[in-house]
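As structure tokens, the structure follows; a few thoughts come after it.
Keep in mind it's a predicted model, so treat the numbers as computed, not measured. Every number for a ligand or one of its atoms is a count from 1 in the order of the listing.
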Amino acid sequence: MPLAAASDKLPSLARNLFRPASRRPPRTLRHILALDDFEHCARRRLPRPLFGYVSGAAETHLSLKDNREAFGTYAFKPHVLVDVSRRDQQTTLFGRAYASPFGIAPMGLAALSAYRGDLALARAAHAANIPMVLSGSSLIRLEDVIEAAPDAWFQAYLPGDQRRIDALLDRVAGAGYRTLVLTVDIPVAGNRENNVRSGFSTPLRPSLRLAWEGLTHPRWLFGTFARTLLRHGMPHFENSYAERGAPILSSSVLRDFSGRDHLDWVHFDHIRRRWRGALVVKGILSGRDAAIARERGADGVIVSNHAGRQLDGAAAPLRVLPEIVAACGGMPVLMDSGVRRGTDVLKALALGAAFVFVGRPFTYAAAIAGQAGVAHAIALLQAEIDRNTALLGLRHCTDITPEFLLRR
Ligand code: GLV
């Protein structure tokens with residue numbers, strides 16, 4: 001049967017995912033078969049301080065490792081002899097239908113790893129109809145990102161200071177964002193020794209070592225850094241507050257993290273009153289806090305240990321997911337930290353997650369091939385979810401229940 005005729009017989013999602021020729025990834029991406037493959041390429045592409053910043057975590061990396069290991073503690077018990085020929089992974093969240101049950105987690109400094117990184121992430125997510133969460137520690141104005149991707153979400157790090165909270169919320173709402181993610185696991189900065197060891201800081205401090213790292217990574221130096229400087233000037237932290245923040249490279253400027261350790265539930269109540277869109281609390285690891293968030297008007301929580309980057313030893317989200325889902329009385333429970341495979345997404349859904357977010361692999365994908373890289377990463381994860389849904393004997397991935405899992 002000719003290929004075109006054969007593809008007409010496929011259910012629509014499968015047809016979209018596996019459409020030949022025009023949808024094939026660029027040559028540079030053809031050897032990238034899974035999300036982890038992006039990391040190996042990015043390690044070579046990025047200067048050591050930058051790769052260290054993205055890949056690293058706090059202290060001994062206990063949480064970073066357990067985020068992955070937690071998925072290994074569950075095995076699947078598939079159902080067989082089910083007609084799974086028509087499959088679909090469309091998922092509705094906060095009243096909106098997305099193509100898949102995953103989105104792009106907020107990641108700081110994406111535009112330093114990849115040319116106009118936040119835009120590459122946002123455009124690829126928009127084209128694939130999945131959500132992308134713009135980090136508050138980003139280097140491209142939030143107004144430019146939502147113009148490129150009108151359904152992007154915004155993630156804020158807010159200080160416990162009403163005036164600064166209001167100013168940022170008003171700016172975010174004025175730009176047209178409808179979903180706000182409030183990250184609450186950063187009262188103080190995590191202890192990231194790896195940043196010190198690899199020479200990373202924000203702002204970056206000019207040094208011979210940094211210059212050498214740039215010169216020995218010419219594709220990044222010319223393709224990302226110099227190109228950004230020439231076309232857009234020195235990147236600054238654009239979205240931490242209502243006003244522009246520090247530049248990314250400076251020998252003396254300090255970033256302003258003040259007031260974050262003052263933020264509490266009283267500020268949360270104020271944020272809830274002022275923010276009219278969906279409000280999602282990110283960094284919840286206990287049923288207790290999830291229940292408080294729900295009582296005080298959150299629309300959802302993201303179970304997250306900040307990908308192991310804040311409190312080392314904080315529980316892996318997958319391990320506390322059932323407790324949090326039980327405490328949330330039907331409020332959507334989202335999760336991130338350690339998701340790399342379609343099977344991971346399905347395990348999280350089985351334990352009650354409504355949606356998951358994936359971080360680092362998308363930044364690596366943008367660093368390697370911009371928007372096309374991110375699109376390839378999205379397609380890989382979608383294909384895995386599609387395949388694994390069929391192998392589990394399901395037509396829709398969100399039909400999975402805890403009965404499909406065996407705890408080892
Ligand atoms: C920012 O959120 C970071 O973890 O570096």
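- Pairs passing the salt bridge (Lys or Arg N to Asp or Glu O under 4.0 Å) check and including a residue from residues 41-64, sequence neighbours excluded, read E39-R43.
- Not one N or O on the side chain of N195 forms a donor-acceptor pair closer than 3.5 Å with the backbone of F200.
- Near ligand 1, Y53, Y157, R192, H306, R309 each place a heavy atom less than 4.0 angstrom from the ligand.
- For the ring-ring contact (aromatic ring centres under 6.0 Å, His included) condition, the pairs that include at least one residue of residues 377-408, sequence neighbours left out, are H79-F404.
- For CD of E193, the number of neighbouring non-hydrogen atoms (other residues, nucleotides, ligands) closer than 6.0 Å is greater than 12.
- Aromatic ring orientation, F355 versus F357: tilted (interplanar angle from 30° to 60°).
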Under 3.5 Å donor-acceptor pairs involving side-chain atoms of residues 362-378, not counting sequence neighbours:
from	atom 1	to	atom 2	distance (Å)
H376	NE2	L29	O	3.3
H376	NE2	I32	O	2.9

